[in-house]
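Some notes on the structure that comes next.
Lettering of chains follows the sequences in order, A, B, ..., and the numbering in each one begins at 1. The figures that follow rest on heavy atoms only: side chains count, while hydrogens, waters and symmetry mates do not. Bear in mind the structure is a predicted one, so any value in this text is a computation, not a measurement.
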Amino acid sequence: MFEALWRYRYFVLASIAGELRGRFARSRLGLLWSILHPLAQAAIFALVLAEVLGAKLGGVEDKTAYPVYLLAGMAAWTLFSEILNRCLSVFIEYSGTLKKIAFPRICLPVIVWGSALLNHVFLLAAIVVVFLFFGYIPGAAWLVLPLGIVLISLFAFGLGVMLGIFNVFSRDIGQILTVALQLWFWVTPIVYPQTVVPEHLRWLLHLNPMVSLVGIYQDALVFNRMPDLAPLLLPTVIALGLFSLSFLLFKRASPELVDVL
Amino acid sequence: MIHEVLRIDQVGKRYATYPSNLARFATWFGAKISPLSEFWAVRDISFSLGKGEALALIGQNGAGKSTLLKLITGTVRPTTGSIAVQGRISAILELGLGFNPEFTGRQNVYQAGGLMGFSREQLTKMMPEIEDFAELGEFFDKPLRVYSSGMHARLAFSLATAARPDVLIVDEVLSVGDSYFQHKSFDKIRRFKEEGVAILFVSHSMNDVRALCDRVILLDHGSVQKDGSPDEIVDYYNALIAEKDNARMLIEQKRGESGWQYTRSGTLEIAARRIELVDAETQEPVATARVGQKLLLRLVAKAEANIPQLVLGFMLRDRTGHVVWGTNTWHTEQVQREIRKNDEIEFVLSFTCNLGPGSYSFSPALTSTDTHLTDNYEWQDNAIVFNVVNADRTFFIGTSHLPAEFSIRRLA
């Protein structure tokens, strides 16, 4: 499987570039949109929650702290949800090609993964600009971000490919996931700090791998500190587990995948 | 045996329906769950293909042609049996797959070419030839969304045939594009064949099948019904199509001594008792005719039942099976009506043998309208076979003798 992927590396790379170009081909702002969407969303949350509802970020007594905190969480979440959503639908999206052209199918999720990663890098670059505007100088802790990127994308890719395969057979999965992702977003401390979660609900945070994964970003970008490694252990194991499981499932499901498309 | 490039061994493809998706998922991990229902799209198919051999798959919709091609291409995995390929397969199952409408022709060659497994360097090397063959001019560097469907097809075909494969699979795609490009692509396929590429061809155009293929396999309900030479199988297939509408049908086939395939089919409610080709003056039977000889083709039919309406058609074919000429009494407005049982009717076609030297055949058809698909009383392929020799005319080639002459003037 990996050997085939290597043989098709040109195709994968060209397709990642193609995805990027294709998505914004005829819009004036082009690539900017992929950055503007999460930024705009963060701006809306910042406006509504910080200005209207008067949210305060515990521990940081700075008026700009909240938007910065939001942006950090949103960046991590966008990476996660983009990979997940694209992997979920990629087999259906390319059903015509899958049915008629013989090529390593594993290319498809890898392509969407790659293009999501690329988007993420652009987004991070944009965030740097915003941070500088707010007067935050990116510190050494930013260097830990690649760890976050790797863990989040392994987790999202594994989960996405598995659900993507099931989604081919039962399209309800895609619909359920849309709702589930909304819920997941709100039970993860992104628009609110962990500290506001009531004591009796704290256990929920421990069950959610995204909490510590998003936490890597928040720690690094907002507080300029290295993440605690201990709480990352479980998400790492889950991410690696899902990632390998997705390959196993892919291998098993592959012969029947095209049959039902 | 010529060098074999493709071997299909007892291949079958089953599509199964499981009681639930969970049950299906469980089967991936070894659970033995029997499916609710199953459907074999193709079953127990075996054949092999040699270098430079061209094989056509024909059959009605749903016969399993496309499934078989997908199996060979590798997009669908066989449930049983094995498929062995020596070398690279290039499949043109659908033109323009993997193309992105926002990309230019050139960018799409890189994109879709990558999908076919070529590296960027290989594609760069192939690019001039692709550009040249597609003949798109400045459109080659314009986005695909401004292409006409014919231009789209040109680009796709050029890419698909840019590198010589070992096996070329062509699925009913030559019908796109203008006739100039159709000819050009057909030529390219033929050239590949001469260069030793094995060709697997699916088409509903029996003329293309005859023109290109050495061998034909007729598929029906997922299995091989007949395997043989183009003239034999194509005629059988035509008879079979008619059978769909005529339950009481007979098909008989035999090969004549001169190698012509004789096929007879129909309900025989009325049938030819005698068919002969004679000289117009002497009334003597003719087996070898001279170019320009006046001939009569005489057919006497006897009705075995009452027939409301009768049309007789004749088709003249050359040795390769190409139709040289043909018409019927529907077009000449000589439809016979109200024929009683035991009536005998004589039809005489008088014509001048303006044919080129070679072997020809007449196929008569007794039907009720202008096609044999409504009521096929009797259809005989190659009932009369005769030769034409050039005895007293100036030498010429081709299947038609045009009364033509040169006039030459020296102008300086």
Validation row: [X], [Y] side chains within 4.5 angstrom (heavy atoms):
| X | Y | answer |
| --- | --- | --- |
| A:Phe11 | B:Met116 | no |
| A:Lys100 | B:Lys70 | yes |
| B:Thr75 | A:Leu98 | no |

Nearest 0.5 Å please: distance from the OG1 atom of B:Thr73 over to the CZ atom of A:Phe103.
->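 Separation between the atoms: 13.0 Å.
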
Please round to the nearest 0.5 Å and tell me the distance separating atom CG of B:Leu115 and atom SG of A:Cys107.
->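 Separation between the atoms: 8.0 Å.
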
Highest number of heavy-atom pairs under 4.5 Å with chain B: which of A:Arg7, A:Arg9, A:Arg105?
->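 Top count of heavy-atom pairs under 4.5 Å with chain B: A:Arg105.
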
Just give me the residue among A:Gly96, A:Ala102, A:Ser254 that pairs up with chain B most often, heavy atom to heavy atom, under 4.5 Å.
->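 Highest number of pairs under 4.5 Å: A:Ala102.
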
Heavy-atom pair count under 4.5 Å with chain A, highest-scoring of B:Pro78, B:Ser119, B:Gly114 =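 Of the candidates given, the most pairs with chain A belong to B:Gly114.
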
Chain B heavy atoms under 4.5 Å from [X]: which part of the residue, side chain, backbone, both or neither?
| X | value |
| --- | --- |
| A:Tyr94 | neither |
| A:Leu13 | neither |
| A:Leu248 | side chain |

Answer yes or no: does atom CD of B:Glu138 have more than 12 heavy-atom neighbours from other residues, nucleotides or ligands under 6.0 Å?
->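 Counting neighbours around CD of B:Glu138, 12 or fewer heavy atoms of other residues, nucleotides or ligands fall under 6.0 Å, so no.
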
Are there more than 12 heavy atoms of other residues, nucleotides or ligands under 6.0 Å from atom CZ of B:Arg7?
->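 No, the 6.0 Å shell around CZ holds no more than 12 heavy atoms from other groups.
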
Can you say whether B:Phe103 sits under 4.5 Å from chain A via the side chain, the backbone, both, or neither, judging by heavy atoms?
->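 Interface part for B:Phe103: side chain.
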
Contacting region of B:Gln122 [heavy-atom separation from chain A under 4.5 Å] |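 B:Gln122 has no heavy atom closer than 4.5 Å to chain A.
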
Assess the pair B:Phe25 and A:Phe169: is the distance between their ring centroids shorter than 6.0 Å?
->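 Close enough - the centres of the two rings lie under 6.0 Å apart.
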
Salt-bridge criterion met for A:Asp259 and B:Lys13 (N-O under 4.0 Å) |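 Salt bridge flag = yes for B:Lys13 with A:Asp259.
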
